[in-house]
Amino acid sequence: MEKKKSWEEIFEEVIPEILEEFYNPLVDGSVFIEKKVENGNTAYFDFKTNQIYISQEFLELMNTLGKLDPETVARGLYKHEMGHYVHYPRELAKILVLKNYSEKQFDGFEDQVLGYWMDVMDNLPQIIKKTNGRDLRQLYRGLNTFLKEKTTLSEEKKERLKKLGIDPNKIEKTQEKYSVDKILIAYYQIQSEEDLGVNLDLEYIIKKQEEMNEKKDRLPLEKNECDQADKNQEAGQDYDKDQNYLEDRVLDLMGIDFMNKEKELANFLYFGAIISEVMKKLKEELPKNLPRDLSEDIAGPGISDLPSLDNFSDEQIQKALNKIIREQGKQQYEKIKDQVEKEKGKKYDPPINKSESKMIGFESSALKFNDEQIPYYKRKSSTYGVHIHERFMTTETANSYPEGLKKFRVGDPLKRLDKMSTGGRIIPSLTKQHRIKQGHKKERKLKIPDLRIILDTSGSMTHPACDSVAVLSGFIMADNYLENDAKVSVINYSVEAAFLAPTLNRDLIYSMLTAYWGGGTVVNVIKIKEEMEKIARGEILPSSIYTTEKKIDSLIQKESSTSQEEIRLRNLETDFKGKIKEAYEKIDTVIITDGEISNFEEVISYINNTGEVARNLVFLIKNRAQAQKWKIKALPNTQIINVSKPEDLLELAVGVVKSTAYKDDR
C-alpha cells in the first residue's frame, strides 16, 4: 500500500511547477504549514519574508469536507496566495489606501470587504485561463462544497436552536441566501464558463443583463468616478428583492470592470456596496440570540488571508507611505499615516522638537511658524529628485610649495628629501630636505553653488497646512542642495521679510520654509542686494526680520515720475567685479511665488542684472498668465517653471539653460 504523502511533501512537488507558471518571480516561494495560522487566517502571504503560511486544519477540511484531493488543494491554495504577490495587491500602499476608504464607507464590514476585494482581484486573472486556471477553479468548487457542509446544521445544533425558539431551517436558508462566498463563486462560474457547483438561473441572468445594459445606456455620465459608482449601484437590482437574490448579486458584479485600473477606486466602492449590503442583510436576518459558536461559523470570507501590517517590514511601510504621499492628498495621507502609527504603535513621521528649530530673533514678529507641518513636507520632498548642474566658480584652496632647504632628520617624510643635496645618498648632518610652506590660492572649479530661496508667503499663497506646492518646492530644492553639501539661506517675505542666513541646519531651514506671513506682496530687493554685498565682504550674517521701506511702498502706490523709477532701478544694478562677482557665482537663487508682486519691475530688473553671472530659477505657482509675463521679460540665465501640481516638480534640472526667452519673445 502506497504511503500517504505529507502536506510538506506535496507542496515540495507542486511548487517548482507553479512558480514556472508565474514566470519564476524573485521570491523564496517556501510554504510553512502550521496547525493554526495566527489571527484566524486560513492562509496568507507574508510580504516581509515573501513566504506563504497555511493552516493545516484548513487544508484537511478542504480535503475532507471540500472533497478535493490533497494535490488539488495544495496547487489551488498556493496559486491563490502567490497570486497576491504576482497579481494583486503586490504592494502595501494599495492595501492602506483601500483600507482607509473601506473604514469610511463600510463601517463594521471593512475588513471583510477588503479581504473579498483582494481575493477577486487576485483570482480573476487566473480563473479565466483555461489551463493554468484549472487548479484555482477546482479550489473554489471545493470551497463551495466545504461551505455547504460547514453551514449544514447537525442534529445536535438543530435541537439547541429549537430550545431557543429559533427555526433551524430558516437559519440554513438565510446563511445560504446571504453567503458572499457563494455569490463570488457563482460569479467565477459565469466568468470561467465552468460548473463550480452553484445552481444559477442562466435565463434570468441573460434577460436581466439585457435590461440593465439598456438602463445604464440611459444614465448620464458623472464627472467624478465615485459619483458614477453610486449611479451604477442605483442601476443594480433592489437588495430587498427575495426572488433570484443570488442571480441579482451576480449581475451586479458583472457590471464591474475589475481589470480597469483607471477606475479601481470607483470599482472598489461599488463592489464594497454590494458585499457590505449582503453581509448587512445576513446580520439583520439572523436572530439576535443565536449562539456564539454558530454565528462565528457563518462569518466569512471562506479563504481568510487579508495581510496585516505585521506581514510587512518597516522599510516596506516607509516605501508605502512615500508612495501614498505622492499619489494622495495631504489630508488622506495623514489619515492613513495616523492609522498605520496606531496599528504599529510607533511614529513614522516623528514630530519636530520645537527647541531644535526655534527661530531666535523672530518671536516678536507677525510671522507664524508651522513646525508641525514639517514632517509632511520632509517626507514628500524626499520622493522627488533634482539634478543640479555644477558650474565653474572661483574657490580658494590650500596650496603647498617648497621654500628653501633645511637639514633632513631621521623620521622626516622621504618625499621632502632633496635627492640632489648629497648625490642620492642620505648622509647625517649633510642631507637636506625641502622646507614646505602652506598658502592659499584661487582657482576656477566645477562645484555645486549654495542656494538662496526667496519664498512668497503673502495672503494669495496657499497656507502650509493646506498642501502648498510652493512649500513643497522649497523643501525639494533645499534637500537636494543640502545633499550636495551646499548651504541654504531662506528669505520668507510678504510685506515684511524674514532672512535666514546661509546654513546647513535642516531644522532651521524647514522651519523658515513652513512659516507664513499673509498680507501683501513686496520684495525688498535693495535689502537682498545689501545682504549679498555683506556675504561678498565675508561678514557673518545674523538671521533677521526687516520691514519693507516706506519709500518702496510709496513708489509702488503712487509713482509720480519716470525719473524716480529710473533712479531706483539704477540703484539695483551691481558692478560684478572681484569678490562681488565671486559671491554671486557661488549662489543659485530660487524665487517661489504666484507672480503677483507689487514691485514686479524691480524684481525683474534685479534678476536680469544678477543673471549676468548667477543662475536664477523662478517657480510660478498656479499662475500661467504670470509665467508668460515673466518669460517675455527676457531673463538671462534664468529658468521659469510654471507649477500647477506636484507632478510639475518631477525631473527638474537646475542650470540647464542660459535663457528661457528668445529674440522673438522680446
Side-chain angles (χ1 to χ4, degrees), residues 42 58 61-69 72-73 75-77 79-80 83 112-113 115-130 133-153 169-209 212 236-239 241-256 258 271 274-279 281-282 285 297-305:
T42 53
F58 182 67
L61 287 172
M62 288 298 292
N63 175 217
T64 54
L65 297 184
K67 300 177 182 178
L68 295 176
D69 62 83
T72 300
V73 175
R75 291 178 65 86
L77 197 53
K79 284 187 175 182
H80 175 80
Q112 293 97 322
V113 166
Y116 279 123
W117 170 263
M118 298 287 179
D119 284 351
V120 172
M121 295 296 286
D122 166 15
N123 291 330
L124 204 53
Q126 301 188 65
I127 278 178
I128 60 177
K129 292 180 180 178
K130 186 174 182 180
R134 181 182 178 281
D135 297 317
L136 204 52
R137 291 195 296 272
Q138 291 302 303
L139 177 71
Y140 276 89
R141 180 180 63 79
L143 182 62
N144 184 55
T145 305
F146 162 67
L147 292 173
K148 282 181 183 177
E149 293 288 336
K150 185 181 177 184
T151 55
T152 300
L153 297 172
N169 293 327
K170 185 179 179 182
I171 295 297
E172 287 184 334
K173 288 180 180 178
T174 301
Q175 291 181 59
E176 183 180 7
K177 180 178 179 180
Y178 300 114
S179 169
V180 176
D181 287 292
K182 184 178 179 180
I183 292 169
L184 291 177
I185 294 169
Y187 173 72
Y188 295 148
Q189 183 170 298
I190 291 287
Q191 295 297 339
S192 65
E193 299 181 345
E194 183 174 321
D195 184 7
L196 302 182
V198 182
N199 293 322
L200 285 169
D201 187 343
L202 293 178
E203 289 184 7
Y204 176 86
I205 289 177
I206 293 170
K207 178 184 175 182
K208 297 303 291 184
Q209 192 173 20
M212 289 173 66
Q237 303 304 302
D238 183 0
Y239 286 110
K241 190 174 180 180
D242 289 329
Q243 196 174 11
N244 295 110
Y245 186 85
L246 171 63
E247 287 80 6
D248 287 338
R249 302 294 72 75
V250 172
L251 282 163
D252 286 339
L253 293 173
M254 291 171 68
I256 302 175
F258 285 99
F271 174 86
I274 297 167
I275 301 304
S276 61
E277 190 64 29
V278 175
M279 300 190 78
K281 278 289 184 182
L282 177 63
E285 292 292 326
D297 285 345
I298 295 168
I303 298 177
S304 178
D305 60 357

On a heavy-atom basis, which atom in [X] and which in [Y] lie closest, and how many Å separate them?
X	Y	answer
L136	Q126	CD2-CB, 3.7 Å
K79	D122	O-OD1, 4.5 Å
S192	I127	CB-CG2, 3.7 Å
K130	R137	O-NH2, 2.7 Å
I183	V250	O-CG2, 3.9 Å
E285	T174	CB-CG2, 3.5 Å

Q: Could you label the plane-to-plane angle of the F258 and W117 rings as parallel, tilted or perpendicular, counting under 30° as parallel and over 60° as perpendicular?
A: tilted
[atom1] of [X] to [atom2] of [Y]: how many Å apart, nearest 0.5 Å?
X	Y	atom1	atom2	value
K207	D201	NZ	CG	10.0 Å
K148	L65	NZ	CG	13.5 Å
E247	I206	CD	CD1	12.0 Å
Y188	L196	OH	CG	10.5 Å
R134	E194	CZ	CD	7.5 Å
K67	R141	NZ	CZ	10.5 Å

Taking the side chain as C-beta and beyond, is there a heavy-atom pair between [X] and [Y] under 4.5 Å?
X	Y	value
Y140	H80	yes
F58	I303	yes
Q189	N144	no
L246	V198	yes
L147	K182	no
L143	F146	yes
L68	T145	no

(Q) Test side-chain contact (heavy atoms from CB on, under 4.5 Å) on M62 and L139; report intermediate values, then the result. (A) CA-CA 8 Å; M62 288 298 292; L139 177 71; 3.8 Å; yes
Q) Does a donor on one side chain and an acceptor on the other come within less than 3.5 Å for D248 and Y204? A) yes
Q: Test V180 against M279 for side-chain contact (heavy atoms from CB on, under 4.5 Å), laying out the working first.
A: CA-CA 7 Å; V180 176; M279 300 190 78; 3.7 Å; yes
**Q.** Any donor-acceptor pair under 3.5 Å from S304 side chain to T42 backbone
**A.** no
Q | Side-chain donor or acceptor of E172 paired with backbone N/O of L153 under 3.5 Å | A | yes
Q) When you look at Y245 and V278, which way does the side-chain contact (heavy atoms from CB on, under 4.5 Å) test go after all the steps? A) CA-CA 10 Å; Y245 186 85; V278 175; 3.5 Å; yes
Q) Under the criterion side-chain contact (heavy atoms from CB on, under 4.5 Å), which of D252, L251, L253 is the partner of R249? A) D252
Q. Would one find more than 12 heavy atoms of other residues, nucleotides or ligands at under 6.0 Å from atom CD of E176?
A. no
Q. For N244 and I205, what are the C-alpha separation, side-chain angles and deciding distance, and is it a side-chain contact (heavy atoms from CB on, under 4.5 Å)?
A. CA-CA 9 Å; N244 295 110; I205 289 177; over 6 Å; no
